[in-house]
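Right, one structure below, let's go through it.
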Amino acid sequence: MKRFLIPLGIFLVLVVFLAVGLNRDPHEVPSPLVGKPAPEFRLEQLGAAGKTFSPADMRGQVWLLNVWASWCVSCRAEHPLLVAFAKQGGLPIVGLNYKEVRGDGETDVKKLAAGAEASLTRQRADAWLTRHGNPYTLSVLDMDGRVGIDYGVYGVPETYLIDKKGVIRFKQIGPITPEALQQKILPLAKKLAEES
Amino acid sequence: MKLATAAATLLLALAPLAHAGEATPMAADPVIEARLIVISEELRCLVCQNESLAASRAELANDLREEVRKLISQGKTDAEIKEYLVARYGDFVLYRPPVKPTTWLLWFGPFVLLAGSVIGLILYLRRRTRLLAPTALSAADKAAAKALLADDGASPTRPKDAA
């Protein structure tokens, strides 16, 4: 009897390891940026040509930075939740429009005339927000994806929760689910709002 | 047959030329390009995960290669470039994870397992040789055995009959 206990034990350990390992999403790579200051940038806003935005403008507020694009299918899935959340007015959401033209996989930017990418970006992003609702306090245009690289974006949508001091406190990879919003983002945002 | 081999060889020789047309303008400098390949083969593409940054054709991989080119032309060392990417994407971008407390199990686990198995095997073999070692019979044992053998099997004291 006793000689079966050791293989059984090894088997059970293996089952536990596999159960944990196989239930994790390999596409969710923990971000090294959580707990670090949100990378600085200054980008033009959507809807207001010439006006720029920088994360420093949000100092003193707890806010969400949501990476989106009109070609991104999962963004579309996530969008109704963001619109509903914005209506409740919980947190300001800043949209980072990521590679609107370059990311669609069809347009070759090198063939576009100078300035055409910017106008095409504004046109597509505006049309998408008009159609599906605009949950954003404002959106900024990251046309070449440089800011996306600084934020470690590798799969749109991604959402960052940033505290009053400008430190990233949480990163959601992929669409925000109602569970993630209720169980992770909102409780943490409430706690952060109480910090000075 | 010979013709087919020649044709195949020619095709293989021409294959690199077929790709040359897709190079980006910045690829002009062969020194930068050579370093880019060395560095990006050690980096993982985050979108496809099982492909290196050098091999991947994903959008993001393209952007990151462009970024690495820029860093090379700025005169950054390989270590600085890797550090730059790790700061944004985490240790996951490295195909060779660094040795630190969270990766000790990964690096040393197999050796611990091997050492444990070897110790287990040695212990098992020792015990086995001890069990198999011939035991010397005492004079009394020999006498008892002899008595049993001499007995023709009709003795009522034999266990089989006693039962």
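Chain naming here is simple, since letters A, B, ... match the order of the sequence lines and numbering starts at 1 in each.
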Salt bridge (Lys or Arg N to Asp or Glu O under 4.0 Å) between Arg102(A) and Glu59(B), intermediate numbers included: CA-CA 9 Å; Arg102(A) 290 179 200 206; Glu59(B) 271 278 321; over 6 Å; no
Heavy-atom check, side chain of [X] versus side chain of [Y], under 4.5 Å:
X: Arg131(A); Y: His79(A); value: no
X: Ile93(A); Y: Tyr136(A); value: yes
X: Leu138(A); Y: Lys51(A); value: no

Aromatic ring pairing Trp128(A)/Trp68(A), orientation class (parallel under 30°, perpendicular over 60°, tilted between):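 Trp128(A) and Trp68(A): parallel rings.
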Which portion of Leu46(B) sits near chain A, non-hydrogen atoms under 4.5 angstrom: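 Contact with chain A: backbone and side chain both.
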Residues from residues 78-103 of chain B approaching chain A under 4.5 Å (heavy atoms):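 Tyr84(B), Val86(B), Ala87(B), Arg88(B), Tyr89(B), Gly90(B), Phe92(B) fall under the 4.5 Å cut-off.
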Proximity of residues 157-164 of chain A to chain B, residues having a non-hydrogen atom under 4.5 angstrom: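 Heavy-atom contacts from residues 157-164 of chain A to chain B are absent.
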Quick one: does any side-chain atom of [X] pair with a main-chain N or O of [Y] as donor and acceptor, under 3.5 Å?
X: Asp142(A); Y: Arg146(A); result: yes
X: Thr52(A); Y: Leu43(A); result: no
X: Glu67(B); Y: Lys70(B); result: no
X: Ser119(A); Y: Ala116(A); result: yes

Residue part contacting chain B, namely of Lys36(A), when any heavy atom lies under 4.5 Å: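 For Lys36(A), no heavy atom lies under 4.5 Å from chain B.
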Verdict with supporting geometry, Lys184(A) and Glu179(A), salt bridge (Lys or Arg N to Asp or Glu O under 4.0 Å): CA-CA 8 Å; Lys184(A) 287 181 189 157; Glu179(A) 296 80 47; over 6 Å; no
